[in-house]
Visitor: 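Below you will find the structure I want to go over with you.
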Amino acid sequence: MAAAIKQPGWYRGALGALLGAAFGYFLVVGLRLLMGLDATQTEQTGYPQIVVPLITTPFGFLFGFGAFDYWFRWAAGKPTIPEDHSGHGATSWKDYFKFNTDHKVIGTQYVVTTMFFFLIGGTLALLMRLELAQPGTQIVAANTYNGLFSTHAVIMIFLFIIPVFAGLANYVLPLMIGAPDMAFPRLNALSFWLLPIAGIIFIASFLAPGGSFDAGWTGYAPLSTGAPLGQSFFNVGVQFAGASSIATALNFLVTIITMRAPGMNLWRMPLLVWANLSTSLLVVGATPFGAGAQFMVLFDRVLGMNFFQFLQGGDVLAYQHIFWFYSHPAVYIMMLPGFGIISEIISTHARKPVFGYRLMALALIGIVVLSYSVWAHHMFVAGMFSWLRVPIMFTTLLIAVPTGIKVFSWLGTLFYGKIHLYSTSMLFALAFIVTFTIGGISGVMLGMIPLDIHVSDTYFIVAHIHFVLFGGSVFTIFAGIYHWFPKMTGRMLDERIGSIGFWTAFAGFQLTFGSMFVAGLQGMPRRYVDYPEAFTLWNQVSTIGYLVTAGGVVIFLLLLAEASISRRKAEANPWGEGATTLEWTLSSPPPFHQFETLPKVN
């Protein structure tokens with residue numbers, strides 16, 4: 001045991017977590033006693049003896065786990081330990097539970113971990129849909145329901161959609177550009193381990209006095225500044241998730257800009273690389289605003305500051321401006337990587353180059369620029385300056401132009417293509433075009449001030465965001481996993497069973513969220529545990545649709561598990577002539593050192 005504690009790993013990490021928790025707790029108690037206060041404080045917006053250890057405990061774990069060992073030696077001026085590659089690559093399943101610096105291992109860690117959180121978020125959604133199957137309260141009380149939809153959204157956004165894209169790109173992107181690894185392997189590993197820490201903090205909020213955070217994923221002040229302790233778990237957890245995203249984005253930027261293979265100039269990069277370059281620019285530019293807003297809420301709650309306390313001179317609307325200045329670009333952070341995935345899949349299975357390649361790349365950059373100009377369309381009914389409405393309406397409609405370019409480019413690629421419809425990834429890609437177009441058109445409708453005022457805070461909004469993020473992002477995630485699963489595992493999926501899972505999930509999705517458009521237009525408000533009987537039919541259709549969708553997801557997960565242990569070995573390029581990017585020149589799965597010599601792109 002003593003030898004195990006001396007080495008970085010789980011034993012030392014557990015000890016570090018305990019020491020970090022003790023340090024945070026006794027730091028608060030000691031300072032309060034020095035100030036002549038009670039040792040602890042139990043007001044619902046306080047609990048510093050819990051909030052501070054919530055920050056110090058993860059750092060204690062990371063110190064013990066070995067995340068900072070190399071950097072500490074460098075900062076202390078000690079000789080660098082020669083790299084023996086013992087923490088690089090995987091020879092057994094145990095290596096996936098270590099601080100590993102191989103981008104292929106990290107990509108797998110991301111995908112598996114985010115799928116776990118996807119199941120948790122889906123379970124919370126199941127509880128909500130079962131509750132809403134009938135008017136009245138059947139399963140949970142109103143406060144618990146508020147916690148369910150808040151935690152569901154946070155888990156799906158911060159612990160599934162955003163990081164699973166990072167995981168797929170971690171695995172595939174260095175292979176695509178001919179790089180030996182990511183630019184900063186240790187930072188890459190740290191980025192991953194910040195993610196489960198954020199997830200544990202979010203889920204642990206259910207154990208806090210007063211229950212989990214219940215102010216929605218938006219956490220609007222002053223509702224959030226006066227909420228029970230669980231809200232502080234959200235404020236802290238977001239910091240770890242955001243730090244993970246920023247570190248990953250910086251890594252992608254440096255990798256893409258400096259580590260491309262000889263001959264691969266910007267106009268020869270695959271569109272998935274362009275998509276991740278654009279996304280990383282958004283993450284680095286926008287995420288600090290979201291983190292700052294949550295820090296200000298936390299300071300209002302724990303330190304008694306007044307950023308958003310109106311009676312003490314705070315500005316309530318300032319929170320929404322800061323939050324949405326991050327969170328609308330965050331919508332594109334959750335979409336642009338999917339655009340890149342779909343571009344690769346459609347080109348592969350239509351066996352044609354992407355139609356309008358350069359315009360597609362420029363459209364990605366256009367979305368990045370315009371995304372910072374549309375934040376206030378979320379605030380048409382919030383009481384903001386009335387003169388700001390029309391300019392924001394204009395920019396909201398304008399950003400549909402580069403998005404529309406991409407849709408027409410995909411259709412142009414399909415035109416006269418030799419389309420492979422046996423591929424489940426292609427089915428998801430085609431479904432994405434349909435569902436995302438519906439979601440995008442509903443977004444243009446919401447950009448119109450009169451309609452937005454009419455449907456604000458109704459189920460029309462819920463339908464819109466799920467057509468964009470489930471029919472858009474999640475369908476692209478499933479498509480990407482089906483497409484690169486043979487490369488990642490060396491095993492082929494059963495396309496027949498995959499198509500059954502696809503049609504099940506697609507039909508269930510349309511039932512679940514298509515019915516919400518109708519209920520929203522009829523005036524059903526969102527975020528309520530109860531509703532008038534007039535909306536019973538649409539809620540029952542939605543609940544049935546959710547169960548069907550869940551069946552499709554279960555088929556997908558069982559298929560992944562079956563393929564992982566099957567003997568259907570994948571070739572280096574199982575997709576044939578349409579797969580032309582560099583990763584398909586390597587064996588499946590790729591070797592430990594993927595490129596013995598750097599490839600040259602002509």
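Please read all numbers here as calculations on a predicted model, not as lab measurements. Below, all heavy atoms of this structure are taken into account, side chains as well, without hydrogens, waters or symmetry copies.
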Visitor: Distance check, rounded to the nearest 0.5 Å: Met128 atom CE versus Thr543 atom OG1?
Guide: 11.0 Å
Visitor: Taking the side chain as every heavy atom from C-beta outward, state whether Val468 and Met334 have any pair of such atoms under 4.5 Å apart.
Guide: no
Visitor: Scan Phe509, Phe478, Tyr546, Phe160 and name whichever one has a ring pair (Phe, Tyr, Trp, His ring centres under 6.0 Å) with Phe470.
Guide: Phe509
Visitor: Going by heavy atoms in the side chains, are Met445 and Asp452 under 4.5 Å from each other?
Guide: no
Visitor: So do Thr40 and Tyr25 actually touch side chain to side chain, heavy atoms under 4.5 Å?
Guide: yes
Visitor: Measure centre to centre between the rings of Phe323 and Tyr319, then say whether the value is under 6.0 Å.
Guide: yes
Visitor: Phe475 and side chain to side chain contact (heavy atoms under 4.5 Å, CB included): which partner among Ile341, Ile342, Thr435?
Guide: Thr435
Visitor: If you look at every heavy atom in His152 and Gly121, which pair is closest and at what distance?
Guide: ND1-O, 2.9 Å
Visitor: So do the side chains of Phe117 and Val164 get within less than 4.5 Å of each other, counting heavy atoms only?
Guide: no
Visitor: If you define the side chain from C-beta out and look only at heavy atoms, does anything of Pro525 sit under 4.5 Å from Asp457?
Guide: no
Visitor: Between Leu132 and Gln138, is any pair of side-chain heavy atoms under 4.5 Å apart?
Guide: no
Visitor: Rounded to the nearest 0.5 Å, how far apart are OG1 of Thr255 and CG of Leu277?
Guide: 11.0 Å
Visitor: Taking the side chain as every heavy atom from C-beta outward, state whether Arg527 and Phe149 have any atom pair closer than 4.5 Å.
Guide: yes
Visitor: For a ring pair (Phe, Tyr, Trp, His ring centres under 6.0 Å) with Phe59, tell me which candidate from Phe23, Phe65, Phe240 qualifies.
Guide: Phe240
Visitor: Of all heavy-atom pairs between Ile477 and Met115, which one has the smallest distance, and what is that distance?
Guide: CG2-CE, 4.4 Å
Visitor: Using side-chain contact (heavy atoms from CB on, under 4.5 Å) as the criterion, list what pairs up with Leu19, not counting sequence neighbours.
Guide: Leu15
Visitor: Excluding sequence neighbours, so at least two apart, what forms side-chain contact (heavy atoms from CB on, under 4.5 Å) with Val254?
Guide: Ala183, Phe184, Thr258
Visitor: Could you tell me if Tyr326 and Gln294 have a donor-acceptor pair between their side chains, going purely by distance under 3.5 Å?
Guide: no
Visitor: Pick one: which of Phe325, Trp375, Trp324, Phe295 meets ring pair (Phe, Tyr, Trp, His ring centres under 6.0 Å) with Phe289?
Guide: Phe325
Visitor: Given side chains that start at C-beta, do those of Phe165 and Tyr110 come closer than 4.5 Å, heavy atoms only?
Guide: no
Visitor: More than 12 non-hydrogen atoms from neighbouring residues, nucleotides or ligands closer than 6.0 Å to OH on Tyr528, yes or no?
Guide: no
Visitor: Mind checking ring-ring contact (aromatic ring centres under 6.0 Å, His included) for Phe72 and listing every partner two or more places apart, or none if nothing turns up?
Guide: Phe63, Phe68
Visitor: What are the two closest non-hydrogen atoms of Ser212 and Phe206, and how far apart are they?
Guide: OG-CE2, 3.5 Å
Visitor: If you round to the nearest 0.5 Å, how far is CZ of Arg301 from CD of Gln309?
Guide: 10.0 Å
Visitor: With no hydrogens and no angle check, just 3.5 Å: does a side-chain donor-acceptor pair link Asn170 and Asn188?
Guide: yes
Visitor: To check you understand the geometry: which heavy-atom pair defines the closest contact between Leu317 and Ala382, and what is its length?
Guide: CD2-O, 3.4 Å
